[in-house]
Chemist: 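One structure follows; several queries about it will come next.
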Amino acid sequence: MARMTIQRALILRAMLETPLEDWYGLELAETAGLKTGTIYPALAALEQTGLLTSTWEEIDPAHEGRPRRRFYRLVPERVADARSYVDQFDVALNPTRAPARGSLRVLPRSQTA
Amino acid sequence: MSGLILAIGTFALGLGWVIFQALIADELSGWAPYATRALIGIASRRLPAQCRDRYREEWLAEAEQLGDRPLTAFGYALRVLARAASVRAQLPGEPRRRWFQKRTVEIPALATTDLIADALPPRRSGPLVEWYDVEQVMRLHQPDETTERLMQAQARFAALVAPAPLSPAFVALKERRLRRGPSDTASDRAETASREYEPFFASRPGPRQDLPRRNGPAGGVDPEWTIAPLTRAERRIAEPYRQALEDPANCPPWPTAAREAFRAALDSYDQRRRFRSGRRTVVCAHAVRLPAFLGSWDMPSTTAEDEAA
């Protein structure tokens, strides 16, 4: 399992809300409450650990008039691992302390399961 | 009356400021897309070669999505650039190396060369700067050797380089250049051409008379100052020494004639400063490697003429 970081946990938590959905970087950064620059190292790390996979958007850039996006998706076989990852992260945080980042919300166990 | 003038002046200044701001905003908005693409290009070049195209396209696509807000897209590109090193750390490929590691894990001769060359700034302008610094660098390693003997060693090294398929120092320089990744530059084209020609050059014994013809009227020195013509220039300069050593009849009296010939060669070396961007000269790379040859050098250190002088 990859080393836990706030960014990685927030990304996984956002993606776990709709595990089968494709996300692109900006969208994911906005949903997870991360800055756009910080999301790519975390995505790269999660992809390297096999929790995420990425594919190119299936469009014709010439026809659409824009470059194709890179979509990230949870690997279906690793969804349980991702949940475990987020749960461990929540447990590791002391809920009595202020979150390290303003965007971090420590959810009750019932909501993370 | 003065109040009216003041009011009109204030209004004019305010109007001018508003127009100025609008012009500046337009100018920035016009430049931002270009700057955004440039920054993303720089960021992608900081990644391992196999990942560059993928991330460049991904980041450009996301910046494109912010296209209606060019300054926001520019800020996005800045953040991407700032975090490129972190992305690199997560990706497989070359390990991330810091500046001092880059300097020290290269071939030791080259790394040492850079450091020493940096520590010895040119003291005079013109071709003799290299001459002077080479001697100083050599003396760091061989403080007891005479200048003449060091010069002979330098010439001996040049002679050894000439018949070699490729000097290890230049192989290292080439590899370092290529590790920056492919790009459609004159430098890379010259490098590619050089690699294609190398087997041909290596297979031809004797003086490489084809070099000037194949590399332009400059006699092997390409105006792009790339590694490839540099290697060829190296061989061209070394060729007279190699010939002299192969044919004892042509061997000049040492060291007086060698001094002049070597100074002439160093004049040519002066051009290399442009390739190495300043003080880091290839001449110094040779100088650092020279002590290894001193022990096997058996030419007389002085002639009778010099002894008398």
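Residue numbers begin at 1 in each chain, while the letters A, B, ... track the order of the sequences.
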Chemist: Would you mind checking which part of B/Leu66 comes under 4.5 Å of any heavy atom in chain A, side chain (CB onward), backbone (N, CA, C, O), both or neither?
Modeler: side chain
Chemist: Please list every donor-acceptor pair closer than 3.5 Å that links chain A with chain B, giving the two atom names and the distance for each.
Modeler:
from    : atom 1 : to      : atom 2 : distance (Å)
A/Tyr24 : OH     : B/Gln65 : NE2    : 2.6
A/Gly25 : N      : B/Glu62 : OE2    : 2.7
A/Leu26 : N      : B/Glu62 : OE1    : 2.9
A/Thr36 : OG1    : B/Arg79 : NE     : 2.9
A/Thr36 : OG1    : B/Arg79 : NH2    : 3.3
A/Tyr40 : OH     : B/Glu62 : OE1    : 2.3
A/Tyr40 : OH     : B/Tyr76 : OH     : 2.6
A/Glu47 : OE1    : B/Arg54 : NH1    : 3.3
A/Glu47 : OE1    : B/Arg54 : NH2    : 3.2
A/Arg68 : NE     : B/Glu57 : OE2    : 2.6
A/Arg68 : NH2    : B/Glu57 : OE1    : 3.4
A/Tyr72 : OH     : B/Arg54 : NH2    : 2.8
A/Tyr72 : OH     : B/Glu58 : OE1    : 3.1
A/Tyr72 : OH     : B/Glu58 : OE2    : 2.7

Chemist: Does some side-chain heavy atom of A/Leu43 sit less than 4.5 Å from a side-chain heavy atom of B/Val87?
Modeler: no
